[in-house]
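Structure, as structure tokens:
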Number of protein chains: 4
Amino acid sequence: MNQDAYRSRTEHDLGRRLRAFADEREWGQFHTPKNLAMALAGEVGELIAEFQWLTPEQSVEVMSDPEASGRVRAEIGDVMIYLTRLADVLDIDLVDAALSKLEDSARRYPVDQVRGSAAKR
Amino acid sequence: MNQDAYRSRTEHDLGRRLRAFADEREWGQFHTPKNLAMALAGEVGELIAEFQWLTPEQSVEVMSDPEASGRVRAEIGDVMIYLTRLADVLDIDLVDAALSKLEDSARRYPVDQVRGSAAKR
Amino acid sequence: MNQDAYRSRTEHDLGRRLRAFADEREWGQFHTPKNLAMALAGEVGELIAEFQWLTPEQSVEVMSDPEASGRVRAEIGDVMIYLTRLADVLDIDLVDAALSKLEDSARRYPVDQVRGSAAKR
Amino acid sequence: MNQDAYRSRTEHDLGRRLRAFADEREWGQFHTPKNLAMALAGEVGELIAEFQWLTPEQSVEVMSDPEASGRVRAEIGDVMIYLTRLADVLDIDLVDAALSKLEDSARRYPVDQVRGSAAKR
């Protein structure tokens, strides 16, 4: 796989594709950060509905169910689409933003103090 | 920037880092798909709260407010963390899942039929 | 309308009816607070999707659209169902809980200090 | 307790109190259905966060934890406040809307066909 092909699978490129998709359809007018945050919340609602009646153990096995696995993958795709689009219109790099928060969390949750505990800080 | 450094900023790598972060803290036991979907919904709730009282026009300018921009970037980072972690435990590639949905949408919303319209299909 | 008929329209009674509905179907086993909170979030996601592409002004007029108004009413009904069911299994009185929070807010947001401002405290 | 005192605890009365609270603060301008749906989603996000790392069994016992029970009650109060306020600005009766949906569900899920099953229809 050459460098270009590789790049075409990254989230940076996904942002450009989604922008082109919206621009071609003249949907930019609807894609304010406020509206995109709502669309993101709507898709997360559909994703969470896939898990609401499953036990935690059943949720671990969800991808071995042919129907549920397709729905879960599709909902995760929808969530990623709106999250990427929101980050793009705000000019935020998704991976950088996540890594910044991960560094914060590493400071707040030192390994020897929190091992095995779900308590919030 | 060499290829390795570039790769370290991709979402593929983010998944690995988050897995290591959780493993070191023995948090894998809490990271069922059910629980991660809930954590994702919780973070999306915090993100949407940043936009709830803004007009659409104010939301477009949110990154020029020094305080709000930092909060929005942090909340987007949190959402990306839980979305990536959820995709990782389900063995779903986030960008692939998004591109599959984008292809569906391209079929369902042909450019000449939907230009400028927000109607759902 | 007599007192009994009146009571039958209150949220106290709604809780009892929903409990009977679940019990008849042996759904109590699924109705843990965790699962009901997820179902509530899923329904709120469907409700928010009704408003995502509307301007604030269009959202004010949503009930004059015959199709959208029916969908919005149905989604609000679903949200109320899961919120009432969740409160019932936790033995929380919804109206009391809301009034307690309203009293807190009255203290935190004195009329002369916050008039016309959406800033959070 | 006389009839008036009883009425003062119903959700009908809650709607009037919340309207007065908003009017005194000149917050009606922010309380479009779009914004209130977002505020509702934000509060549901805070509520779901209370349950995200609990097992279903732990969630059943949440009200016996003095700290968690207070937070859960407060979050449920916040959700009820925004749901009631949204219904009020749309002129929807919450309990009626829920009862309409309950009648639909009774038709879609006949007792003898769905007993003990969480499958969606």
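All chains are named by letter (A, B, ...) in the order of the sequence lines, taking the proteins before the strands, and each is independently numbered beginning at 1. Scope of the values below: all heavy atoms of this structure, side chains included, with no hydrogens, waters or symmetry mates.
With a 4.5 Å cut-off on non-hydrogen atoms, C:Ser69 does not touch chain D at all. Proximity to chain D (any heavy atom under 4.5 Å) is shown, for C:Glu24, by both the backbone and the side chain. D:Gln52 touches chain C through its backbone: at least one of N, CA, C or O sits under 4.5 Å from a heavy atom, while the side chain does not. Of the atoms belonging to D:Ile92, it is side-chain heavy atoms, and not backbone ones, that fall under 4.5 Å from chain C. Only the side chain of C:Leu47 comes within contact range of chain D, judged by heavy atoms closer than 4.5 Å. D:Leu102 touches chain C through backbone and side chain together, each having a heavy atom under 4.5 Å away.
The distance from atom CG of C:Leu94 to atom OG1 of D:Thr84, rounded to the nearest 0.5 Å, is 8.0 Å. Taken from CZ in C:Arg73 to CG in D:Asp93, the straight-line distance is 8.0 Å, to the nearest 0.5 Å. To the nearest 0.5 Å, atom CG of residue D:Leu86 and atom CD1 of residue C:Ile76 are 4.0 Å apart. Separation of atoms OG (D:Ser59) and CG (C:Leu36) is listed at 8.5 Å; rounding is to 0.5 Å. A distance of 12.5 Å separates CG in C:Leu18 from NZ in D:Lys101, rounded to the nearest 0.5 Å. Taking CG of C:Asp104 as the start and CG of D:Asp78 as the end, the distance is 8.5 Å to the nearest 0.5 Å.
Contact annotation for residues 60-68 of chain D against chain C (heavy-atom separation below 4.5 Å, listed by residue number): D:Val60, D:Val62, D:Met63.
When C:Ala97, C:Pro33, C:Gly77, C:Ala37 are compared by the number of non-hydrogen pairs under 4.5 Å with chain D, C:Pro33 comes out ahead. Options C:Ser117, C:Gly28, C:Pro110, C:Ser100 differ in how many heavy-atom pairs under 4.5 Å they form with chain D, and the most are formed by C:Ser117. Chain D forms the most heavy-atom pairs under 4.5 Å with one residue out of C:Gln29, C:Arg115, C:Glu75, and that residue is C:Arg115. Between chain D and the residues C:Leu54, C:Val72, C:Leu40, the most heavy-atom pairs under 4.5 angstrom are made by C:Leu54. No other option in C:His31, C:Gln113, C:Glu26, C:Lys34 has as many heavy-atom pairs under 4.5 Å with chain D as C:Lys34.
Considering all non-hydrogen atoms of both residues, D:Ala98 and C:Ile81 come closest at O-CD1, 3.5 Å.
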Practice task
Any chance you could lay out the side chain to side chain contact (heavy atoms under 4.5 Å, CB included) test for D:Phe51 and C:Thr32, step after step, and finish with the verdict?
Solution key: CA-CA 10 Å; D:Phe51 295 106; C:Thr32 62; over 6 Å; no
